[in-house]
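What follows is a set of notes on a single structure, which appears directly below.
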2 protein chains.
Amino acid sequence: MERIQRMTRQKKIILDILRSVKTHPTAEWIYQEARQQIPGLSLGTVYRNLNLLRDNGEIMELNYGSSQSHFDGTAANHYHFQCRECGGVYDLDLPLIKNIETKASGINGHQIDGHRLEFYGICEACLDRRRFEEND
Amino acid sequence: MERIQRMTRQKKIILDILRSVKTHPTAEWIYQEARQQIPGLSLGTVYRNLNLLRDNGEIMELNYGSSQSHFDGTAANHYHFQCRECGGVYDLDLPLIKNIETKASGINGHQIDGHRLEFYGICEACLDRRRFEEND
DNA sequence: ATCAAATTAGTAATGATTATTCATAAGGAT
DNA sequence: ATCCTTATGAATAATCATTACTAATTTGAT
């Protein structure tokens, strides 16, 4: 027996914000943005709605490599890059690796139904800032 | 100037435990194991030593967002599988994908120096348990 | 418009991890 | 071996992201 979900103003605004940005912000960042439209919004509401949207398969939660989770308005699998310096998460337009799950299944007894690939390094913006700072 | 580190009894036991298991346990699990050898050991000591060992490049920390980190006695990059049901983390003996970082670098301005590939699904043990439970 | 159920804001609680404290133990120069 | 410096230990408190709780409000089907 599944619960009926309502599209509240809060949930809609949260989803709109997430769909409108190219980056993958944290709950806290989304909270600060949404408060410009709903000043009395509470952070708990942001977390609750993000979890609902994730459970519905409407958004993706990216939760490794740093303390806070990042959220991605696109639900289909794709790959990401995270900056070791600023923690920012960016999309990486690399095609999905085909058959890798089948290949991985073949060598053990686990049932594999998903994979995730993340890259790490220094992002373009942090590289630029470094170059600027060393020219003093 | 780098600090000199001492190989204390606690640090050695923690490292030995981590090297002796095939799984990738949490700090809490290691704590419980190590207390059988050092009953008065504190959890803080386990965390501090795990962080030191990670910073030294002797072990790897696998963190999955807000839940507990898992630790891996092997420092070199390799791929993992995490069970959606029990949360257990296992090695996956799949060869490293060559040149993927170079390929990923080519399509953007980030400086990429690492990658991480994770698989998800239901582990062998949980599959077995399910089969057992449906035969009632 | 009515009304039960779902959702909210606000706050308290949780849980993993880190920092602090201070007594003890280890390393190195003499 | 002695002394001095510094790391380590255990215990506890603090932190931070996230979740749970509760009374009041809002939603959407009727």
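A note on names: the letters A, B, ... follow the listed sequences, proteins ahead of strands, and every chain is numbered from 1. Keep in mind that this is a model prediction, so the values were computed, not measured.
- Residue Gln68(B) contributes atom CD, which lies 9 Å from atom C1' of dG15(C) at whole-angstrom precision.
- Proximity note for Ser67(A) (side chain, C-beta onward) versus dA6(C), dA17(D), dA10(D): the nearest is dA17(D).
- Atom pair Glu61(B):CD and dA16(C):P shows a separation of 14 Å (rounding to whole Å applied).
- Within the structure, every side-chain polar atom (N or O) of Thr8(B) is placed at least 4.0 Å from both OP1 and OP2 of dA26(C).
- When heavy atoms are screened at a 4.0 angstrom cut-off, Gln10(A) is found touching the sugar-phosphate backbone but no base atom.
- Nucleic acid contact for Arg48(B): base, since at least one base atom lies under 4.0 Å from a heavy atom of the residue.
- For Thr45(B), no side-chain nitrogen or oxygen approaches OP1 or OP2 of dT8(D) to under 4.0 Å.
- Distance CG (Leu43(B)) to P (dT12(D)): 13 Å, rounded to an integer number of Å.
- The aromatic ring centroids of His115(B) and Phe81(A) lie 6.0 Å or more from each other.
- Closest approach to the Ala27(B) side chain among dT17(C), dT18(D), dT26(D) is made by dT17(C) (side chain taken as heavy atoms from C-beta onward).
- Contact annotation: Asn49(A) side-chain N/O to dT8(C) OP1/OP2 distance is under 4.0 Å.
- Ile59(A) and Tyr90(A) fall into different hydrophobic clusters, where Ile, Leu, Val, Met, Phe, Trp and Tyr residues are linked whenever their side-chain heavy atoms come under 4.5 Å apart, directly or through other members.
- Side-chain nitrogen and oxygen atoms of Thr26(A) include none within less than 4.0 Å of the OP1 or OP2 phosphate oxygen of dA17(D).
- Residues Thr45(A) and Gln10(A) have side chains that never bring a donor and an acceptor to within less than 3.5 angstrom of each other.
- Taking atom OH of Tyr47(B) as the reference point, atom P of dT8(D) lies 19 Å away to the nearest angstrom.
- A distance-only check finds no donor-acceptor pair linking the side chain of His110(B) to the backbone of Ile122(A) [under 3.5 Å].
- In this structure, CG of Leu52(A) is placed 10 Å from C1' of dT7(C), rounded to the nearest angstrom.
- The nearest whole Å value for the distance from the CE atom in Met7(B) to the P atom in dT8(D) is 10 Å.
- Here dA4(C) presents its P atom at 13 Å from CZ of Arg6(A), a figure rounded to the nearest Å.
- His24(B) and Asp91(B) share a side-chain donor-acceptor pair at under 3.5 Å.
- Atom P of nucleotide dT7(C) and atom CG of Leu50(A) are separated by 15 Å, given to the nearest angstrom.
- Within the structure, every side-chain polar atom (N or O) of Asn51(A) is placed at least 4.0 Å from both OP1 and OP2 of dT18(D).
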